[in-house]
Amino acid sequence: MKAGVSAGSAGEPRAFVTTRWSLVLSAAKSGSGEGDAQDALAELCRTYWRPIFLFVCRRGYSTEDAQDLTQDFFVKILERNWLEHADPDRGRFRSLLLTSLQNFLVNAAERTHTRKRGGDVKFVSWDDWMAEAPSQLSVSAQAHDSLPPERLFDLRWAATVVEQALRRLREECEGKDRLRLFYALSRHLTDERDEVSYANLSAALGVAETAVKKQLHTMRQRYRCLLRDEVAHTVENPADVEDEIRYLCMALAAGTE
């Protein structure tokens, strides 16, 4: 994936003031895990549901056991006392969550499950999760089979973030009756200039090449804003956003070669 994100672009979804992760950390420092902070933590966990599940599967668990463990893990994470251990010095939310998961699996191997899938706390419907459309990104079979669980987690995280940005872009285009334009141009959002056939796009859309170039440029800018916004929710410091995006791109490149 070739992507860059610029700060302060026109049409950026919202300023970096209080993100989900900084809100969680603020609540941890104050000793309160209620209200907006819990909602923010739940939303972050939804983003990481699929990377966590895939990581557990790659650690040798069956699909059903991985479902149980993932469910139990998120129940634990969403309990109030976890906020007290959310130390920003230990890294970004992605890193802290993976460390917590590794510790959880060590403990899980030493005890018998007391919760069954879909027990007293239901965070996600597995039927709904399994019914989701497959990833829009091409993750090679070799990557799934050869990457260690930790790198596979990062790859699935990166894919999830990109997919959420693309979903938001699609919804915006649909709201403006530009869904056809989205499907025609979205596959070229990260292409190099010489990889795009403006003549073919012009013929397919029935508009001039100059108009296609302008529309693609605008869509790329909006996509970068949305991608930056998605990543920003998972870091506390705005200075970390660009580094996290670079890491995202490297993770995707490793899994799509």
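Values in this document were obtained by computation on a predicted structure and should not be read as measured data. Throughout, residue positions are numbered sequentially from 1 according to the sequence presented.
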> Between A159 and L252, which heavy-atom pair has the shortest distance, and what is it?
Replying inline: N-CD2, 3.8 Å
>> A side-chain contact here means heavy atoms from C-beta on lying under 4.5 Å apart; do L101 and L97 qualify?
In response: no
> Are the charged groups of R246 and D243 less than 4.0 angstrom apart, N to O?
Replying inline: yes
> Out of curiosity, Q221 CD to L226 CG, how far, rounded to the nearest 0.5 Å?
Replying inline: 12.0 Å
> Which pair of non-hydrogen atoms, one from F182 and one from M219, has the smallest distance, and what is that distance?
Replying inline: CA-CE, 3.9 Å
> side-chain contact (heavy atoms from CB on, under 4.5 Å) between D229 and H233: does it pass, once the steps are laid out?
Replying inline: CA-CA 7 Å; D229 188 57; H233 282 306; 3.8 Å; yes
> Minimum heavy-atom separation for F53 to T63, with atom names?
Replying inline: CE1-O, 3.8 Å
>> Parallel, tilted or perpendicular, judged at 30° and 60°: which one describes the rings of Y247 and W157?
In response: tilted
> How far does CZ of R224 sit from CD1 of I245, to the nearest 0.5 angstrom?
Replying inline: 10.5 Å
>> Looking only at the side chains, is there a donor atom on one of Y61 and D68 sitting less than 3.5 Å from an acceptor on the other?
In response: no
>> To the closest 0.5 Å, what do you measure between CD (E174) and CG (L169)?
In response: 11.5 Å
>> If we check side-chain contact (heavy atoms from CB on, under 4.5 Å) with I52, which of these qualifies: L98, T70, L69?
In response: T70
>> Before you tell me yes or no, could you show the steps for E163 and R156 under salt bridge (Lys or Arg N to Asp or Glu O under 4.0 Å), namely the whole-Å CA-CA distance, both residues' side-chain angles and the distance that decides it to 0.1 Å?
In response: CA-CA 10 Å; E163 287 164 3; R156 186 60 259 179; 2.9 Å; yes
>> For a quick test of reading the model, state the closest non-hydrogen atom pair linking Y223 to L189 and the distance between them.
In response: CG-CD1, 3.8 Å
> Once you round to the nearest 0.5 Å, how far does CG of L166 lie from SG of C173?
Replying inline: 10.5 Å
Expected list for residues 201-211: side-chain donor-acceptor pairs under 3.5 angstrom, two or more places apart:
residue	atom	partner	partner atom	Å
S202	OG	V207	O	2.3

> Could you give the distance from CZ (R228) to CG (L248), rounded to the nearest 0.5 Å?
Replying inline: 13.5 Å
>> Within this structure, what is the OG-CD distance for the pair S62 and Q67, rounded to the nearest 0.5 Å?
In response: 8.5 Å
> Is atom CZ of R220 surrounded by more than 12 heavy atoms (other residues, nucleotides or ligands) closer than 6.0 Å?
Replying inline: yes
>> Determine whether E172 and K176 satisfy the following criterion, salt bridge (Lys or Arg N to Asp or Glu O under 4.0 Å), listing intermediate values before the conclusion.
In response: CA-CA 6 Å; E172 289 184 3; K176 298 175 182 178; 5.2 Å; no
> Are V56 and F73 side-chain neighbours, meaning at least one heavy-atom pair lies under 4.5 Å?
Replying inline: no
